[in-house]
Amino acid sequence: MLEIRNLNKIYPGGVHALKDVSFTVEDGEFVVLIGLSGSGKSTLLRCINRLVEPTSGQVIWDGVDITAAAPSELRRIRRQIGMIFQQFNLVKRLSVMTNVLTGRLGYVPAWRSLLNYWTAEEKRMAMANLERVGIADQAWKRADELSGGQQQRVAIARALMQQPRLILADEPVASLDPATSHSVMKYILELNRRDGITVICSLHFLSLARQYGTRIIALRDGHIVFDGKPEEIDDRRFKEIYGEEAVEVEIR
Amino acid sequence: MNEKTPQMRRPFSLKRFVRNVVFLAVAVVVYLYGWKVTEINLGVLIRDVKDIKPLVVDLVRPELMVREEQSRLITYEYPIPCPENFQPKPAEAMGMQLEVKPGCGKADEITVTLRNARPNTSARVEWHFPIGTDQLLVQGTTDENGSLRLRFKRPVATIGGEKGLHGVKITLYWEEGPLRVSDTVKTVADKMVETVFLALMATTFGVIFAMPISFFGARNLMMTTKWGAVVYYLVRLVFNILRSVETLIWAVIFVVWVGIGPFAGVMALTVHSVAALAKLYSEAIESIDPGPIEAITATGASRLQTIIYAVVPQVIPPFIAFTIYRWDINVRMSTVVGLVGGGGIGYILIQYINLLQYRRAAVAMWAIVIVVSAMDYLSGYVREKIV
Ligand SMILES: Nc1ncnc2c1ncn2[C@@H]1O[C@H](COP(=O)(O)OP(=O)(O)O)[C@@H](O)[C@H]1O
Ligand SMILES: [Mg+2]
């Protein structure tokens, strides 16, 4: 169970990006975060694994206060939380295989990283994860030779190497075309359904959120303005989230 | 015309006018003073063009090949004071005859006449003092009959006194036999090898030290913690100071420290290379895509692991490019650190010039042109292939 308690984030520039955000996520949930750009979705996701340091408030995961964890403990927590990004964030000049293997770094002693040494077991595991996302044949290509959709699948395989219990996905399909978006979303959904991994995924479009989320949390200017089931979002709620001028568009 | 026509001219402003006049006046004063301080004198440039002529002429005929030098020596024994019953008698050697007038004593002016010598040959007249030293007096050339007549002032001995058996020595010298590669070429080649290795060592040491240090001078890696920021500013400060001192000045410092020679040059080039490369490397690190750093950090990787997997792969191409660029600079600089005693080709170039041996200096200069452009071409080729 993940508990967010009164989370606040004020950036050095003075932007108050999260305002007293509190909610609880049960194990196995697929939570979709929505909101206009600038509403604080990325900040919230990064506060959970402390890529962004919260200004105040707590993030408690299975009774452990992540916000109070010392550096070495934080790393042990992080390795159980996979993260997927809008820009994929692969290391472009490295092979697909090495990119996937880096998902294992949290479990590997530093001297092995200095030598770039990976065990046969780790390589086998990387291959299995690449197979799972359907791109085992691309393993020895340079990461930047792959298409956007393929790169995001590499990123999913990298996250799987962590054997995560939680996945944070920050607009994972915002840089992809609609057809590719669905194929990537299906892989993320499968991690949730088949492996029971809890997923918190921010999405730009409500139509995608309705399709994949079992629960939707909406942010506006750093506040939670909605927390409930997708079907509860009617016209009035939609305008509360996206503003009066917005119209819902469909992504197929 | 309607009244809405915009004004075509900017309205006059007294403030701007005064500012422009002041600016102009300051500029005039600055340049007048600059002209005076730097002693610019275009007249000299034209008047003394003849002084540069021997250098330019010799530059196009470097001393590459020489023939064996042959010489013949004849010596006339010249006593001071004149012995009693002195009978003037010419000296003879190898068929040559040398007559000296007057043949003894403290004469002011002396005339020497050489006969039956090799025709059209350079000759050098030296005075031999009783203590064993020689002094060059005049040079000349024998005529087609092998004769030569020269007048000169008798040199006065500064040490050892006048009394004793002096000598008038005439050396005829000419080149003969097959052409062979000159010793100058060998010396220059030797020094050129030293020069290139000087650049190689300095660049290598520069890379070895600059690479690890550059990570501490990269804002994006260091600004995450307070102590990181302190280290960052310190590293930047030290390298800005080191970089502001030119390589030649470092060479002067190291010549004082470790003595004249290539080691001083290596040290000078290394110090400047470390500082310059560290700055370039740091900037390369600062301009990488932060996304992979975020992603690798999120996997639970340590700081070191994040740098190895997210930073290093991204900075390899710019690091190689900057290293080649530095190698270029170091090859150039290694040819001049010798001017102040730092070893390499510059060291002998300045010696040849000081001894007015322009044909030898020409060999060194052409060697520099060839090697520097060859290295330029080579690094351009490598850059194209790798980056
Ligand atoms: N590193 C940062 N420094 C300062 N302000 C930031 C930073 N990152 C985000 N913000 C600001 O915080 C607010 C929330 O941004 P973000 O979390 O990226 O929103 P979203 O992901 O929903 O688009 C925005 O106003 C943004 O400008
Ligand atoms: Mg965002």
Side-chain angles (χ1 to χ4, degrees), chain A residues 12 42 45-46 48-53 71-95 98-116 142-144 151 154-155 158-164 167-168 170, chain B residues 208 211-216 218-233 281 284-324 383-387:
Chain A
S42 299
L45 288 169
R46 281 167 176 72
I48 293 172
N49 64 359
R50 277 175 60 194
L51 284 181
V52 165
E53 210 56 61
S72 63
E73 198 192 350
L74 176 62
R75 285 176 42 208
R76 271 196 302 280
I77 296 166
R78 274 178 181 163
R79 71 185 189 187
Q80 300 175 64
I81 304 176
M83 192 152 190
I84 295 163
F85 303 82
Q86 177 182 348
Q87 297 303 334
F88 327 131
N89 290 353
L90 301 181
V91 185
K92 294 191 176 62
R93 288 175 49 84
L94 296 182
S95 67
T98 310
N99 267 288
V100 174
L101 285 165
T102 58
R104 207 65 198 157
L105 283 172
Y107 297 86
V108 161
W111 67 266
R112 266 175 53 190
S113 306
L114 277 169
L115 302 174
N116 189 28
R142 253 175 69 150
D144 56 2
Q151 289 193 38
V154 175
R158 174 173 67 188
L160 280 172
M161 290 298 281
Q162 297 174 238
Q163 295 176 309
I167 281 184
L168 308 172
D170 188 8
Chain B
I208 289 172
M211 237 190 236
I213 292 166
S214 63
F215 287 84
F216 295 96
R219 177 172 274 276
N220 54 340
L221 300 185
M222 300 304 287
M223 283 309 186
T224 49
T225 61
K226 198 168 83 220
W227 281 110
V230 171
V231 173
Y232 165 83
Y233 282 116
Y281 288 170
I285 295 170
E286 282 170 3
S287 62
I288 62 171
D289 174 9
I293 298 180
E294 237 191 347
I296 304 273
T297 306
T299 66
S302 68
R303 198 86 191 123
L304 180 69
Q305 288 172 322
T306 307
I307 287 172
I308 294 170
Y309 282 98
V311 180
V312 170
Q314 292 196 65
V315 297
I316 285 174
F319 273 29
I320 291 174
F322 288 136
T323 306
I324 293 172
R383 185 173 309 139
E384 226 166 72
K385 285 279 153 194
I386 294 180
V387 186

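Order of the sequence lines fixes the chain letters, A, B, ..., with proteins taken first and strands second; residue numbering starts at 1 for each chain.
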Review point. At a heavy-atom separation under 4.5 Å, does I81(A) approach chain B through its side chain, its backbone, both, or neither?
Key: backbone
Exercise for review: List in chain and number order the residues that pass side-chain hydrogen bond (donor to acceptor under 3.5 Å, both in side chains) with T102(A), two or more places apart in sequence or in another chain; answer none if no residue qualifies.
Suggested key: none
Revision key, fill the gap. Okay, I316(B) and chain A: the region with an atom under 4.5 Å from a heavy atom over there is side chain
Check your understanding: What orientation do F319(B) and Y281(B) show, parallel under 30°, tilted 30 to 60°, or perpendicular over 60°?
Key -> parallel
Check your understanding: Hey, what do you get for CZ (F215(B)) to CE (M222(B)), rounding to the nearest 0.5 Å?
Key -> 11.5 Å
Exercise for review: With sequence neighbours excluded, tell me which residues meet side-chain hydrogen bond (donor to acceptor under 3.5 Å, both in side chains) with R78(A).
Suggested key: none
Point to revise | Top contributor to chain B contacts, counting heavy-atom pairs under 4.5 Å, from G106(A), A155(A), A159(A), A110(A) | key: G106(A)
Review point. Checking T98(A) against chain B: side chain, backbone, both or neither under 4.5 Å from a heavy atom?
Key: side chain
Practice item. Specify which of L74(A), N49(A), L94(A) makes the most heavy-atom pairs with chain B at under 4.5 Å. Key: L94(A)
**Study point:** Pairs of heavy atoms under 4.5 Å with chain B: top-ranked of M161(A), R76(A), R93(A), R50(A)
**Key:** R93(A)
**Study point:** From NZ (K92(A)) to CD (Q151(A)), nearest 0.5 Å
**Key:** 7.0 Å
Point to revise | Proximity breakdown for N99(A) and chain B, heavy-atom pairs closer than 4.5 Å | key: neither
Review point. Would you find a donor on one side and an acceptor on the other, under 3.5 Å apart, between the side chain of R158(A) and the backbone of G82(A)?
Key: no
**Study point:** Region of Q87(A) that comes under 4.5 Å of a non-hydrogen atom in chain B
**Key:** neither
Review point. Once you round to the nearest 0.5 Å, how far does OG1 of T297(B) lie from CG of N89(A)?
Key: 10.5 Å
Review point. Between R104(A) and chain B, which part of the residue has a heavy atom less than 4.5 Å away: side chain, backbone, both or neither?
Key: neither
Check your understanding: With respect to chain B, which residue among L168(A), I77(A), L105(A), L51(A) yields the maximal number of heavy-atom pairs within a distance under 4.5 Å?
Key -> L105(A)
